[in-house]
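What's counted below: heavy atoms across the whole structure, side chains too, no hydrogens, waters or symmetry copies. Heads up: numbering here begins at 1 and tracks the sequence. Counting starts at 1 for both ligands and their atoms, in listed order.
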Amino acid sequence: MREDYELVTEPLKAGGLTLKPPVIIAGPCSAESEEQVMQTARELASGGISFFRAGIWKPRTRPGAFEGVGVDGLPWLRSVKRETGMAVAIEVANAHHVYEALKYDIDIVWVGARTTANPFAVQEVAEALKGVDIPVFVKNPVNPDFDLWLGAFERLNRMGIRQLGAIHRGFSSFNGSIYRNQPLWDIPLRFRELFPQIPMINDPSHISGKRELVFQVAAKALALGFDGLIIESHINPVNALSDKDQQVIPSVLITELMAIMNEVASSAGSKENPELEELRRRIDSCDYDLLVTLVNRMMVAEKIGRFKKEHNMPVLQNNRWSELLSSRQNEGKNIGLSEEFISGLFDFIHRESVRQQNKSENIE
Ligand code: PEP
Ligand code: MN
């Protein structure tokens with residue numbers, strides 16, 4: 001990780017509004033129709049939300065999915081501004097997107113996770129934004145590459161963009177997980193440690209991938225001291241053209257958000273030792289990631305249990321266990337963890353795995 005770059009930044013202002021923490025940006029994954037955009041915006045605005053998001057061009061992982069309404073959706077966002085007074089935010093991935101956004105007075109733009117992972121695209125966006133004084137948020141790249149994320153900020157900053165914000169939207173992984181994207185909380189917290197002046201907001205919608213988990217992730221982010229949230233909201237989520245499993249209706253968003261904010265306010269840690277508080281947040285974030293890793297491991301253990309059952313194999317195979325333990329001890333030793341610690345830790349983990357495998361034996 002490079003620590004030699006100073007980013008020259010300024011506080012964020014958009015559409016006459018200052019983005020003060022907690023910054024809440026809400027709106028649909030995609031703008032789909034004028035009616036859907038306006039109705040969602042009206043409901044969010046009446047619940048006190050000041051910043052509206054909507055995807056106009058959608059970077060889809062695979063072709064064939066809904067790729068956004070394109071420039072046709074930009075006048076709808078202008079109507080949102082005029083009617084509700086909210087500032088509006090969209091994703092830009094190339095110079096054409098930037099020019100069109102500026103033509104329609106878009107207040108905030110963000111660079112999406114797939115774009116951040118591509119330095120050519122980031123450079124193109126940065127050059128198109130030269131001389132433009134609006135907030136630009138940069139989502140973390142899809143892969144957990146700190147320098148790639150930082151590189152996007154540097155490219156923008158070199159073009160004179162000073163109103164910079166960061167969005168933590170989690171990191172993709174090949175293994176099945178309870179989350180669509182793994183949070184790896186330590187990465188955004190490390191980023192904030194290096195650049196405390198850059199607002200860091202969390203995107204619990206793309207991390208969780210499921211409505212049921214969105215507010216749990218949002219609460220964790222605020223408890224970890226994030227400066228705000230960007231949350232997907234749709235008036236009719238089950239029929240949304242993109243990300244239908246993770247969008248929530250505006251009224252739910254507003255109620256849940258209020259509950260989280262009250263809880264965070266009442267359990268705020270002491271401000272006497274900010275340095276210690278920050279370090280404690282880092283520990284909390286590592287523990288959270290550790291728990292998610294354990295759940296992912298248990299999910300694999302359960303699959304192994306099913307496989308063994310289908311093939312009439314015993315759950316406990318002593319050779320495999322002793323091989324596993326000695327390989328973990330070696331790997332642990334190489335990165336500075338003692339053999340005793342590893343054997344105690346894996347004894348616990350293995351016992352729970354066996355219990356999970358037996359559980360899957362009893363299912364069916
Ligand atoms: C989005 O915000 O709708 C989006 C496409 O997000 P990401 O770039 O994080 O996948
Ligand atoms: Mn989305």
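- Closest protein heavy atom to atom 1 (C) of ligand 1: His206 CE1, 3.2 Å.
- Counting the atoms of ligand 1 from 1 in the order shown, those under 4.0 Å from a heavy atom of Gly112 are 8 (O).
- Between Tyr179 and Phe171, the gap from one ring centroid to the other reaches at least 6.0 Å.
- Using cut-offs of 30° and 60° for the angle between ring planes, the His350 and Trp321 rings count as parallel.
- Residue-ligand proximity, Arg114 to ligand 1, at heavy-atom distances under 4.0 Å covers atoms 7 (P), 8 (O), 10 (O).
- Below 30°, between 30° and 60°, or above 60°: for Trp149 and Phe146 the angle between ring planes is above 60°, a perpendicular geometry.
- Among protein heavy atoms, the minimum distance from atom 6 (O) of ligand 1 is reached at Lys139 NZ, 2.9 Å.
- Judged by the shortest distance from any of its heavy atoms, Cys29 lies inside the 4.0 Å radius around the atoms of ligand 1.
- Rounding to 10 degrees, one finds that the Mn ion (ligand 2) sits at the corner of an angle of 130° between Glu232 OE2 and Asp243 OD2.
- For the side chain to side chain donor-acceptor pair (under 3.5 Å) test with Gln246, the passing option among His234, Lys210, Glu232, Glu212 is Glu232; the others fail.
- A salt bridge links Arg355 to Glu352: one of the charged nitrogens lies within less than 4.0 Å of a carboxylate oxygen.
- Of the protein's non-hydrogen atoms, the one nearest atom 8 (O) of ligand 1 is Ala113 N, 2.9 Å.
- Less than 4.0 angstrom separates some heavy atom of Lys58 from each of these atoms of ligand 1: 1 (C), 3 (O), 5 (C).
- Trp185 has its ring centre less than 6.0 Å from the ring centre of Phe226.
- Ranking the protein heavy atoms by distance from atom 5 (C) of ligand 1 puts Glu91 OE1, 3.6 Å first.
- Residues Glu100 and Lys103 are paired through a salt bridge, judged by an N-O separation under 4.0 Å between the basic side chain and the carboxylate.
- Against a heavy-atom cut-off of under 4.0 Å, Arg169 is close to the following atoms of ligand 1: 7 (P), 9 (O), 10 (O).
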